[in-house]
2 protein chains.
Amino acid sequence: MPDILMGVGKAGLKESGKPDILVVVLPYPCVSSFLFTDNYFKAGSVIYSERVAKRTEKVSALVINSGNANCGTGEEGIMHAELMARQVAQKLDIKHDEVLVFSTGIIGKPLPIDRVLKAIDDACSILEPLDLERASEAISTTDSFPKFDFVKKEQLETFGFAKGAGMIAPSMATMLAFVFTKADVDYETLRQIHRDVNERTFNSITVDGCESTNDSFGLIALGEVQANPEDVKAQVFEVTENLAKKIVEDGEGATKVIKVTVKRATLEMKAREIARAVANSLLVKTAMYGRDPNWGRIAAAAGSTEFPIDPFSMKIYIGGHLLYDGKPHPKAGSMAKRYLEEEKEIEVVIDLNEGRNSWTYYSSDIGYEYVRINAEYHT
Amino acid sequence: MPDILMGVGKAGLKESGKPDILVVVLPYPCVSSFLFTDNYFKAGSVIYSERVAKRTEKVSALVINSGNANCGTGEEGIMHAELMARQVAQKLDIKHDEVLVFSTGIIGKPLPIDRVLKAIDDACSILEPLDLERASEAISTTDSFPKFDFVKKEQLETFGFAKGAGMIAPSMATMLAFVFTKADVDYETLRQIHRDVNERTFNSITVDGCESTNDSFGLIALGEVQANPEDVKAQVFEVTENLAKKIVEDGEGATKVIKVTVKRATLEMKAREIARAVANSLLVKTAMYGRDPNWGRIAAAAGSTEFPIDPFSMKIYIGGHLLYDGKPHPKAGSMAKRYLEEEKEIEVVIDLNEGRNSWTYYSSDIGYEYVRINAEYHT
């Protein structure tokens, strides 16, 4: 572990009374890239941090509050984010425009800013080395387990932590992830790695197809190790994919992780759109919950995008069992059903039999527990 | 009622043993327009009828089977549809390429074609005047009530029947609707009316966002009454909108109809896309099921399309109660909550405050019953 420090505080934003403020302090200003939600109904913290990130390639600290999304809170929300950054900067004697701010939690409630600033003070007063597990816990909301990962190959290390339990809970959507690589790379290279990895990981998972107002993903290069950009990318991908899979696993009420792969498509975008349509299909998700190898729903979802498919040459597999290849294979159904009953990670493959491109989406099933969590919560 | 005749038969396609074949016989070849699903995984019956409809502007009869979608059944499925059309033509002494074929029911099982042809014979042998309620029942699958409507203004009459209970049940998606107007209009006029009405009705409803392999909507002009095209369109719209609303009401497990209106948008397409995003949002649907006036989820869904919204000038109302207008109005929440508890049809309005275009989508809530119906069914 490098000399990244962290501090936690409590502003009383969570009913549980657990830590809800995390400050992460880098050893020096580090080349960093940030990606934010595409949602136009953005949180004040996102609007603020997006603006700061545009102006600087180097970041010195992050401050994250959980339990309140600081979203739908008007202009005051943007001011509150700036106050949080300035508080960190003042306490640590760094530049306030090298501090980024993130929030996750309930939408539409103003931050109790005095308590938040006080908790930031506390967090900055007791800094200790970054502990990935505790960091993940400090930023979690409805998560049922902390999410972090660490990989090392020779001198090169990459590690990160995240939160997110689907896009789901009680107006508490949001995925936050922060990944750190020891590599020494310039901003342009880091940015390209960041975008590419994000497309195949966080942009290829879905729990309920709903896009959060607060999603943010940061990639920070510590600049300590010389490395080939391809190796850096591979390691960042590995850590990020693991974080993404943990988020899907923790989708509210999920009993299965569903891995949907579309292969042999003419275009990468086609493979991706079809994988997304199948991964997002409520009919597919409920069928998986019911352990039903319902290839008809998979086929109908695959046919619903703007990209033509040929129903007579496509093939559909569940767990390696061929269920359809232009005509149904009813006998494979019982084996596929047993597979669905026994396995925790379900592999669905749609082979378009027409080209060389493929894409994988990770999804989860949807059952009664999803409805309970999302219907019985009251604002 | 004009001299439209119908006959029903039983091919044993439904477990209930109820009628599953409907033949509708027009008094003479009538100018007709048909719209089919955009899904590329189309049923054999859709592939066949789309081809026939392209070649003819006039139709003499319709044959519909329920209980089996004739989908995913390979080339044989297309042949079976043709055999059904030829059987009707032969029995009624009409041209087989003026007969259209429709199917709804389970995907991936071959039609028992001998039994189907026999039932078509039976249906053609006992023709009687069209009864909208019985016609709807004969084509229904998981519907919990028949769907039909009739309007008359002076000499002009329009009427129709439909089936569809969401897009939902057990590989049994599909909406079918047939609307008849007494008006005398040419094909081009009828086609334009048909497309326009369809966009604002069946293309503006959603239960689970899943698109069927078999959806079909026919509009038939009996040519008996001279009328202004605008009056014809208004009447066709009225009947079709009523059929569309009945389908949403019957969404599996639905306890509420949710009417989502986006108003004062710069573009019609923008209003439509945002209305669709909100109407399709699983978080919004589960919140409505839970009687929770969760405007944050509505805002997040509205912000998730490719069209920019301004979070600081948009307004969100539930049942006329202003919940957000750049900042939250927490006091309106309890009134909106009472409204959600008491009303069966819920009005959600998103006022973008920027232009002149609006669009309305009809949706339904999603609760435990939806999961039960769709997870506990087994193929």
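Lettering follows sequence order; numbering is per chain, from 1.
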Task: Residue M288(B) versus chain A: region with a heavy atom under 4.5 Å - done: neither

Task: Options G326(B), P308(B), A302(B), A287(B), ranked by heavy-atom pairs under 4.5 Å with chain A, top entry - done: P308(B)

Task: N280(B) CG to N280(A) CG distance, which is reported to the nearest 0.5 Å - done: 10.0 Å

Open item on the list: Please determine whether the number of non-hydrogen atoms from other residues, nucleotides or ligands lying under 6.0 Å from atom CD of E342(A) exceeds 12.
Closed with: yes

TODO: Grab the two heavy atoms, one from P328(B) and one from G108(A), that are nearest each other, plus how far apart they are.
DONE: CG-O, 3.1 Å

Open item on the list: For the aromatic rings, using the six-membered ring if either is Trp, is the centroid distance between Y324(A) and F41(B) under 6.0 Å?
Closed with: yes

Task: For Y40(A), the option from D310(B), I274(B), I309(B) that meets side-chain contact (heavy atoms from CB on, under 4.5 Å) - done: I309(B)

Open item on the list: Using heavy-atom distances under 4.5 Å, tell me whether I47(B) contacts chain A through its side chain, its backbone, both, or neither.
Closed with: side chain

TODO: Hey, could you give me the CG/OG1 distance between N39(B) and T305(A), rounded to the nearest 0.5 Å?
DONE: 9.0 Å

- [ ] State, to 0.1 Å, how close T213(B) and A300(A) come at their nearest heavy-atom pair, and which atoms those are.
- [x] CG2-CB, 3.7 Å

Task: E343(B) CD: over 12 foreign heavy atoms closer than 6.0 Å - done: yes

TODO: Indicate yes or no: at least one non-hydrogen side-chain atom of I366(A) is less than 4.5 angstrom from one of L282(B).
DONE: yes

Open item on the list: So for atom NZ, which belongs to K344(B), do other residues, nucleotides or ligands contribute more than 12 heavy atoms lying within a distance under 6.0 Å?
Closed with: yes

Open item on the list: Is it the case that atom CD in E75(A) sees more than 12 heavy atoms from other parts of the structure closer than 6.0 Å?
Closed with: no

Task: Part of E76(B) lying under 4.5 Å from any heavy atom of chain A - done: neither

Task: Between G367(A), G77(A), G333(A), the one whose heavy-atom pairs under 4.5 Å with chain B are most numerous - done: G367(A)

Open item on the list: Is it the case that over 12 heavy atoms from other parts of the model lie below 6.0 angstrom from the CD atom of E15(B)?
Closed with: no

